[in-house]
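A quick write-up on the structure given underneath.
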Amino acid sequence: QVQLVESGGGSVQAGGSLRLSCAASDNTYSSKYMGWFRQAPGKKREGVAAIDSDGSTIYPYTDSVKDRFTISKDNAKNTLYLQMNSLKPEDTAMYYCAADARWLSLSEYEYNYWGQGTQVTVSS
């Protein structure tokens, strides 16, 4: 079973940047499709970005983060990343990484393993 631990969240002013990391415990991590999701208070969890097992293919980003967020992974370090630039107050949410989807997807129902989340707060 894969254990996922997110880090890198925090508080930042609008226009700032953060880099989220998700460390995976399982050495089969490199064979898994992975994604980043977020959930703001009172809202449904939404998919943000997803990447295939070797990092060569990225699912189209959700519209609200296009050209601002970049997903990547380092299989040698068993780590998934989300670089977030030009942050906006509406990006405020708990961010989760997820693993073990059957295919590239931004649907939370496709993923079997989830981290505990890291909070991102963007002030105006």
Note to self: Arg68: which residues meet the salt bridge (charged side-chain N to carboxylate O under 4.0 Å, His left out) condition with it, sequence neighbours left out?
What the structure shows: Asp91

Extract all donor-acceptor atom pairs below 3.5 Å that involve side chains of residues 3-11 and protein atoms in other chains or at least two apart in sequence.
| residue | atom | partner | partner atom | Å |
| --- | --- | --- | --- | --- |
| Glu6 | OE1 | Gln116 | N | 3.0 |
| Glu6 | OE1 | Gly117 | N | 2.8 |
| Glu6 | OE2 | Cys97 | N | 2.9 |
| Glu6 | OE2 | Gly117 | N | 3.2 |

Notebook entry, point to check: Which pair of non-hydrogen atoms, one from Ser17 and one from Asn85, has the smallest distance, and what is that distance?
Noted result: OG-OD1, 3.0 Å

Check: Rounded to the nearest 0.5 Å, how far apart are OG of Ser21 and NZ of Lys73?
Finding: 14.0 Å

Item checked: Linked, directly or transitively: Val65 and Ile71 (ILVMFWY side chains, under 4.5 Å) -> yes

Margin query: Tell me whether Tyr81 contacts the main-chain N or O of Asp74 through its side chain, where contact means a donor paired with an acceptor under 3.5 Å.
Written below: no

Next item on the list: Verify, without hydrogens or angle tests, whether Thr92 (side chain) and Val122 (backbone) share a donor-acceptor contact under 3.5 angstrom.
Entry: yes

Check: In Å, rounded to the nearest 0.5 Å, how long is the span from OG of Ser72 to CG of Leu82?
Finding: 8.5 Å

Note to self: Checking the side chain of Asp100 only, and the main-chain atoms of Tyr113 only, is there a donor and an acceptor separated by less than 3.5 Å?
What the structure shows: no

Notebook entry, point to check: What do the steps show when you test Ser64 against Arg38 for side-chain hydrogen bond (donor to acceptor under 3.5 Å, both in side chains), and what is the final call?
Noted result: CA-CA 12 Å; Ser64 59; Arg38 67 185 182 184; 3.1 Å; yes

Item checked: Reported OG-to-CD distance for the pair Ser124 and Gln13, which is rounded to 0.5 angstrom -> 9.0 Å

Next item on the list: Search all heavy atoms of Arg45 against all heavy atoms of Glu108 and return the closest pair with its distance.
Entry: CD-OE1, 3.7 Å

Next item on the list: Answer with yes or no whether the hydrophobic clustering places Met94 together with Val48; edges join I, L, V, M, F, W, Y residues whose side-chain heavy atoms lie under 4.5 Å apart.
Entry: no

Next item on the list: I would like to know whether Trp36 and Cys22 meet side chain to side chain contact (heavy atoms under 4.5 Å, CB included); could you show each step before the answer?
Entry: CA-CA 9 Å; Trp36 284 102; Cys22 173; 3.7 Å; yes

Next item on the list: Would you check if the distance from the ring center of Phe37 to the ring center of Trp114 is below 6.0 Å?
Entry: yes

Next item on the list: Please list, chain by chain and in numerical order, all residues satisfying side chain to side chain contact (heavy atoms under 4.5 Å, CB included) with Ala50, sequence neighbours excluded.
Entry: Tyr59, Leu104, Leu106, Tyr111

Next item on the list: Would you confirm whether Asp52, through its side chain, and Thr57, through its main-chain N or O, come within 3.5 Å as a donor-acceptor pair?
Entry: yes

Check: Out of curiosity, does Phe69 fall in the hydrophobic cluster containing Tyr96 (side-chain heavy atoms, cut-off under 4.5 Å, transitive links)?
Finding: no

